[in-house]
Amino acid sequence: MKMEYKHVDIVGMGPGNKKYILPEAMDIINASDVLIAGKRHLEDLSLPEKVNMEVESGLDNIVDFIKGNYENQKISVLVSGDTGFYSLLGYLQKRLEGIKLKTTPGISSVSYFMSRLNMLWHDGVLVSLHGKRTDFISVVRNNPKVIFLTDNKYTPSKIAEELVDAGIEGKRMIIGENLSYPEEKISTLSIREAVGYKSEKLCVAVIMNE
Ligand SMILES: C[S@@+](CC[C@H](N)C(=O)[O-])C[C@H]1O[C@@H](n2cnc3c(N)ncnc32)[C@H](O)[C@@H]1O
């Protein structure tokens with residue numbers, strides 16, 4: 001029987017470890033014909049019976065594929081962490097106008113990290129340096145708790161370097177790498193110690209007053 005679908009699922013995958021994927025998200029994944037996700041998530045899930053499409057194959061590709069196939073295949077786009085926090089959702093909403101998207105939340109890398117530190121985060125300021133530079137110097141200067149998403153270019157070391165150059169040192173930086181995975185690592189450093197720190201690719205950091 002030919003199936004007809006009326007929406008595309010956008011599913012939050014949590015920080016990475018399968019134990020942190022919500023059961024509801026897993027049900028949607030299991031019911032899907034096509035999974036569109038980053039290489040890391042597709043490899044971790046390892047579901048060869050699904051059509052797997054890597055986000056790294058190009059966003060135009062993905063948009064065209066969804067437009068051409070969403071009515072007769074159940075397509076899910078899997079994003080890291082939570083769907084509402086710096087995910088592909090915003091981009092897909094713009095490019096897939098007219099197609100219904102249904103989001104299912106996930107545990108954000110920030111939420112997971114704060115929980116590992118037993119730390120409240122409603123009083124933190126969130127800054128993403130993933131893919132783009134924002135002016136974080138004044139944010140750190142003026143706020144006692146600033147939580148960063150980082151990337152290969154804006155690593156904790158690079159952030160610390162710019163803070164030292166701006167004369168901001170009396171704070172500590174806590175770095176969370178590969179969160180939720182067996183190789184998870186959490187380190188607390190002074191800003192100066194963080195200069196030159198070699199971090200893993202998957203990394204968040206919080207900068208706090210001493
Ligand atoms: C495009 S953003 C997506 C954020 C995601 N929507 C969330 O809620 O966590 C990707 C960034 O999230 C952070 N990240 C995601 N998973 C992580 C993990 N397991 N450990 C450390 N940082 C992680 C890193 O800063 C990474 O560069």
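Order of listing sets the numbers, starting from 1, for every ligand and every atom in it.
His130 ND1, 3.9 Å is the protein heavy atom nearest to atom 11 (C) of ligand 1. Nearest protein heavy-atom contact of atom 20 (N) of ligand 1 is Leu179 N, 3.0 Å. With hydrogens left out, the protein atom closest to atom 22 (N) of ligand 1 is Cys203 N, 3.3 Å, a heavy atom. Atom 2 (S) of ligand 1 has as its closest protein heavy atom Tyr86 O, 3.8 Å. Considering only non-hydrogen protein atoms, atom 19 (N) of ligand 1 sits nearest to Pro15 O, 2.7 Å. Nearest non-hydrogen protein atom to atom 12 (O) of ligand 1 is Leu149 CD2, 3.6 Å.
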Worked verdict on Glu4 versus Lys6 for salt bridge (charged side-chain N to carboxylate O under 4.0 Å, His left out): CA-CA 7 Å; Glu4 253 191 61; Lys6 303 219 176 314; 3.8 Å; yes
Derivation of the side chain to side chain donor-acceptor pair (under 3.5 Å) call for Tyr197 and Ser187: CA-CA 10 Å; Tyr197 179 85; Ser187 322; 3.2 Å; yes
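For a threshold of 3.5 Å applied to N or O pairs, the pair formed by Asp151 and ligand 1 contains no separation below that value. Considering backbone and side-chain atoms alike, Phe85 places an N or O below 3.5 Å from some N or O of ligand 1. Checking only distances, Ser108 does come within under 3.5 Å of ligand 1, N or O to N or O. The shortest N or O to N or O distance between Ser87 and ligand 1 is not below 3.5 Å. On a distance-only criterion, Ser80 and ligand 1 share at least one N/O pair closer than 3.5 Å. Ligand 1 has no nitrogen or oxygen under 3.5 angstrom from a nitrogen or oxygen of Val110. Residue-to-ligand polar distances place Thr150 within reach of ligand 1: an N/O pair is separated by less than 3.5 Å.
Among Phe113, Phe136, Tyr86, the one residue that satisfies the ring-ring contact (aromatic ring centres under 6.0 Å, His included) test with Phe148 is Phe136. A side chain to side chain contact (heavy atoms under 4.5 Å, CB included) with Lys201 is found for exactly one of Asn152, Asn178, Thr155, namely Asn152.
Using modelled atom types and a 3.5 Å distance limit, the side chains of Tyr181 and Asp44 yield a donor-acceptor pair.
Smallest separation of non-hydrogen atoms from Glu177 and Cys203: CG-SG, 4.0 Å. Smallest separation of non-hydrogen atoms from Ser111 and Trp121: CB-CZ2, 3.8 Å.
At distances below 3.5 Å, at least one donor-acceptor pair connects side-chain atoms of Asp33 with backbone N or O atoms of Lys74. Using a distance-only test at 3.5 Å, with no hydrogens or angles considered, a donor-acceptor pair links the side chain of Glu184 to the main chain of Ser180.
Contact atoms of ligand 1 toward Gly176: 21 (C) (distance under 4.0 Å to a heavy atom of the residue). Counting atoms of ligand 1 from 1 in the listed order, those under 4.0 Å from a heavy atom of Gly81 are 5 (C), 7 (C), 8 (O), 9 (O).
Separation of the Tyr5 and Tyr70 ring centroids does not fall under the 6.0 Å cut-off.
If you look at Glu200 next to ligand 1, there are no close heavy atoms at all, none under 4.0 Å. With a 4.0 Å cut-off on non-hydrogen atoms, Asn178 touches ligand 1 through its backbone and not its side chain.
The closest approach between Lys185 and ligand 1 stays at or above 4.0 Å for every heavy atom of the residue.
The stretch residues 45-70 participates, sequence neighbours left out, in these salt bridge (Lys or Arg N to Asp or Glu O under 4.0 Å) pairs: Asp60-Arg95.
With sequence neighbours excluded, no residue forms a salt bridge (Lys or Arg N to Asp or Glu O under 4.0 Å) with Arg172.
One option in Gly131, Ser128, Ala205, Ser109 has a heavy atom closer to atom 14 (N) of ligand 1 than any other, and that option is Ser109.
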